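Take a look at the structure below.
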Amino acid sequence: HPTLRVRRAALRGTPGYGGDPQPLRVESRPFATYGSALHVHLPQPLRAGQLLSLEIDYEAGEGPGVCWLAPEQTAGKQKPYMYTQGQAVLNRSFFPCFDTPSVKCTYSATVQVPEGFTAVMSATSWEKQKDNTFVFKMSQPIPSYLIALAVGDIVSADVGPRSRVWAEPCLIEAAKKEYDGVIEEFLAVGEKLFGPYVWGRYDILFMPPSFPFGGMENPCLTFVTPCLLAGDRSLADVIIHEISHSWFGNLVTNATWGEFWLNEGFTMYAQRRISTEVYGLAYTCLEAATGRALLRQHMDNTGEDHPLNKLRVVIEPGLWGVNPDDTYNETPYEKGYCFVSYLAHLVGDQSKFDAFLQAYVNQFKFQSITADDALGFFLEYFPELKEKGVDSIPGFEFDRWLNTPGWPPYLPDLSPGEQLMKPAEELAELWAADNLNVEVIEAVDITAWRTYQLVYFLDKILQKSPLPEGNVERLSKMYPKISKAQNAELRLRWCQIILKNNLEAEYGKVKDFLHSQGKQKYTLPLYRAMWGGSEAARALAMETFSATAPQLHVNVQNYVKKILGLEVAE
């Protein structure tokens, strides 16, 4: 692999520190498998409040936070690509830093890349200088995990007054078409609800297909999966989620990864508030119902009382290892969303709760906070609720929400979505029957159904699978909109249905989907389904993994190896 050669700002004659740069004794101490703590011994003691600059000359490049892609792992397949992924604790392998979300700082970077390549970063300003050198500055304080760099054969196109899309040349037209004019609408609604957007630009970088996440909310430049290029704007809600992080996560940040729900639960709530304003309540409730189904699936898999199914997770060596990524699951997102919805329910008035969210962002902007800070502020903001003791209502105690694993004590009312859910449920019932009532089935017109209504229908089919002999084949023929979909959310569920019904004739679709992308949320469930299936399904898993392993992110490779019972390299 190439390495990054880096020099950082130096320990120089800052006020009160006599003149020339001083040599320092630096030692490095191991910290589990996640790098080494860097201990710097200063030649003389410093006074509190005194400024110093520290220059560290180092090389990086082999660590887990820096991803080097061969040309075949990119969309264009012509040139290599590199990107960094800092969340949760990987940026320590990219540059020396206080790699905790509790510390925020500004940064600047000068990046020189070979001709024919472009560098982009999560920065408020950038300029290109001679010798293909790019200079970046982030003028707002951010935690280390949000510092991100990508270098590749990438070009850009404007899609709004403060937004552009970046992608490999072969994807740029599709990206422009999908997001032209859309982002500004989401940003404007977000500002109306949560206060000013402080980051200047909101650009999107469409990553190579091996990118393991749906999106990464790097400020000013969200990194997203190319799976969002569905061709019909049907997956734009993922962008709403990343935009919502501009207030919840990036501006007000969880101080520890054990309280990740402060980032994600508030962001899910904010996403669904924006979605309600843009798409209406019924569609948003339907999307939230698919989220709730994912939480149900997760808790059924792990058991409700699993310690990860709490909002406050203990992350310590020996329990999950020290990598917070290993604790990643649906709970902070969907159970977190339920808790924020419960707070809104206690207030009982949407406009008052919206005003609270603005005040919360304003109170804690550019800070890292704990759940106690957030909930304390909630009770101070609504003294009448504090007086009523809403934090200790039996069964709904704030402490229980945070520290007891299990299903959320309160679920927001999703009944406005019934008008979209009911037809989907009824159609799924018809397809699960031993004798298909083809006449009634054909009378249901699904041409106008949007993505989440189709997803909801497929989730119901999956729950009822395996279906009676021959039904899935007939469903496949009747709805090419589903069985031949290019939309990744539909493809995932169709592949799950193929595997649950052991439809060997359509195994090729599972293989194609896993060859086309490496998103963790799509890849792992399919390997779990294959490994839990027939001999033929297990063979498909092994064959597909040996062909696609090189194009997967190293974390995803390791998670798949665990599922398949293969050796995982340290």
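Sequential numbering from 1 along the given sequence is applied to the chain's residues. Please read these numbers as outputs of a predicted model, since none were measured by experiment.
No hydrogens or angles considered: nothing links the side chains of Ser275 and Tyr283 as a donor-acceptor pair under 3.5 Å. Side-chain contact annotation: Ser415 with Asp413, donor-acceptor N/O pair under 3.5 Å present. Under the 3.5 Å distance criterion, with hydrogens and angles disregarded, no donor-acceptor pair is assigned to the side chains of Glu287 and Tyr456. Defined by atom type and a distance below 3.5 Å, a donor-acceptor pair is missing between the side-chain atoms of Ser144 and Asn91. No side-chain donor from either of Gln358 and Asp354 sits under 3.5 Å from a side-chain acceptor of the other.
Note on ring orientation: taking the six-membered ring where Trp is involved, the planes of Tyr337 and Tyr269 are tilted (angle from 30° to 60°). Below 30°, between 30° and 60°, or above 60°: for His245 and His241 the angle between ring planes is above 60°, a perpendicular geometry. Ring geometry for Phe377 against Tyr381 counts as tilted: the plane angle lies between 30° and 60°, on a 0 to 90° scale. Ring-plane geometry between Phe248 and Phe266 is classed as parallel, the angle between the planes falling under 30 degrees on a 0 to 90 degree scale with a further cut at 60. Classified by interplanar angle (parallel below 30°, tilted 30° to 60°, perpendicular above 60°), the ring pair Tyr333/Tyr328 is perpendicular. The aromatic rings of Phe211 and Tyr83 sit perpendicular, their planes meeting at an angle over 60°, well past the 30° parallel limit.
Considering only heavy atoms from C-beta on, Val390 comes within 4.5 Å of Leu379 through its side chain. The shortest distance between side-chain heavy atoms of Met207 and Met216 does not fall below 4.5 Å. Contact of the Gln271 side chain with the Thr284 side chain is not registered, since no non-hydrogen atoms from C-beta on lie closer than 4.5 Å. Contact of the Trp199 side chain with the Met138 side chain is registered, since non-hydrogen atoms from C-beta on lie closer than 4.5 Å. With a 4.5 Å cut-off on side-chain heavy atoms, Tyr527 and Thr544 count as touching. Put simply, the side chain of Met530 reaches to within 4.5 Å of the side chain of Leu514, judged on heavy atoms.
Results of the side chain to side chain donor-acceptor pair (under 3.5 Å) test with Tyr522 over Gln496, Glu489, Arg491, Gln517 single out Glu489 as the only residue that passes. Across Lys464, Lys500, Arg493, Arg296, a single residue satisfies salt bridge (Lys or Arg N to Asp or Glu O under 4.0 Å) together with Asp459, and that is Arg493. Of the listed residues (Asn218, Ile147, Thr253), just one forms a side-chain contact (heavy atoms from CB on, under 4.5 Å) with Ile142, and that residue is Ile147.
Distance alone, capped at 3.5 Å, is enough to place a donor-acceptor pair between the Gln453 side chain and the Leu420 backbone. Side chain of Glu259 to backbone of Thr370: no donor-acceptor contact under 3.5 angstrom is found. Without hydrogens or angle criteria, Lys460 side chain to Ala424 main chain gives no donor-acceptor distance under 3.5 Å. Judged by distance alone, the side chain of Asn254 and the main-chain N or O of Leu262 form no donor-acceptor pair under 3.5 Å. Although no hydrogens or angles enter the test, the distance criterion places no donor-acceptor pair under 3.5 Å between the side chain of Ser465 and the main chain of Ile497. Judged by distance alone, with hydrogens and angles left aside, the side-chain atoms of Glu397 form a donor-acceptor pair with the main-chain N or O of Gly395 at under 3.5 Å. In this structure, the side chain of Trp261 does not engage the main chain of Ala371 through any donor-acceptor pair within 3.5 Å. Under the 3.5 Å distance criterion, the side-chain polar atoms of Trp401 are left unmatched by any main-chain donor or acceptor of Leu311.
Within 6.0 Å of the OH atom in Tyr410, the count of heavy atoms belonging to other residues, nucleotides or ligands exceeds 12.
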Under the criterion salt bridge (Lys or Arg N to Asp or Glu O under 4.0 Å), I'd like the reasoning laid out for Lys388 against Glu384: C-alpha separation, chi angles, the key distance, then a yes or no.
CA-CA 6 Å; Lys388 274 170 44 186; Glu384 68 285 4; over 6 Å; no
List the steps, then state whether side-chain contact (heavy atoms from CB on, under 4.5 Å) holds for Val560 with Gln557.
CA-CA 5 Å; Val560 174; Gln557 281 181 34; over 6 Å; no
Checking side-chain contact (heavy atoms from CB on, under 4.5 Å) for the pair Ile498/Phe513: CA distance, chi angles, key distance, verdict?
CA-CA 12 Å; Ile498 288 169; Phe513 185 46; over 6 Å; no
Between Asp372 and Arg312, does the side-chain contact (heavy atoms from CB on, under 4.5 Å) criterion hold? Intermediate values first, please.
CA-CA 11 Å; Asp372 291 344; Arg312 185 181 273 152; 3.1 Å; yes
Would Phe95 and Tyr58 count as a side-chain contact (heavy atoms from CB on, under 4.5 Å) here? Give the steps.
CA-CA 8 Å; Phe95 59 94; Tyr58 71 99; 3.0 Å; yes
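The heavy-atom pair separating Ile274 from Ser244 by the smallest distance is CD1-OG, 3.6 Å. Here the shortest heavy-atom pairing between Cys227 and Leu235 reads O-CD1, 3.6 Å. Summarising the geometry of Ala230 relative to Ser234, their closest heavy-atom pair is CB-OG, 3.6 Å, with the distance given to 0.1 Å. Nearest heavy atom pair, residue Ser516 against residue Pro209, reads O-CB, 3.4 Å. Here the closest non-hydrogen pair linking Ala529 and Leu499 is CB-CD1, 3.8 Å. Annotation for Gly291 and Arg272: closest pair CA-NH2, 4.2 Å, computed over non-hydrogen atoms.
Separation of the Tyr145 and Trp257 ring centroids falls under the 6.0 Å cut-off. For Phe213 and Phe223, the gap between ring centers reaches or exceeds 6.0 Å. Taking the six-membered ring wherever Trp is involved, the centroid distance between the rings of Tyr179 and Phe206 falls below 6.0 Å. The aromatic ring centres of Phe398 and Phe339 sit less than 6.0 Å apart.
To the nearest 0.5 Å, atom OG1 of residue Thr548 and atom CD of residue Gln73 are 11.0 Å apart. Expressed to the nearest 0.5 Å, how far CG of Leu462 lies from CD of Gln297 amounts to 7.0 Å. In this structure, CD in Gln140 is found 8.0 Å from CG in Leu251, a value given to the nearest 0.5 Å. Between the NZ atom of Lys310 and the OG1 atom of Thr331 there is a distance of 11.5 Å, given to the nearest 0.5 Å. Atom CZ of Phe353 sits about 8.0 Å away from atom OG of Ser341, to the nearest 0.5 Å.
A salt bridge does not link Arg292 with Glu334: none of the charged nitrogens is closer than 4.0 Å to a carboxylate oxygen.
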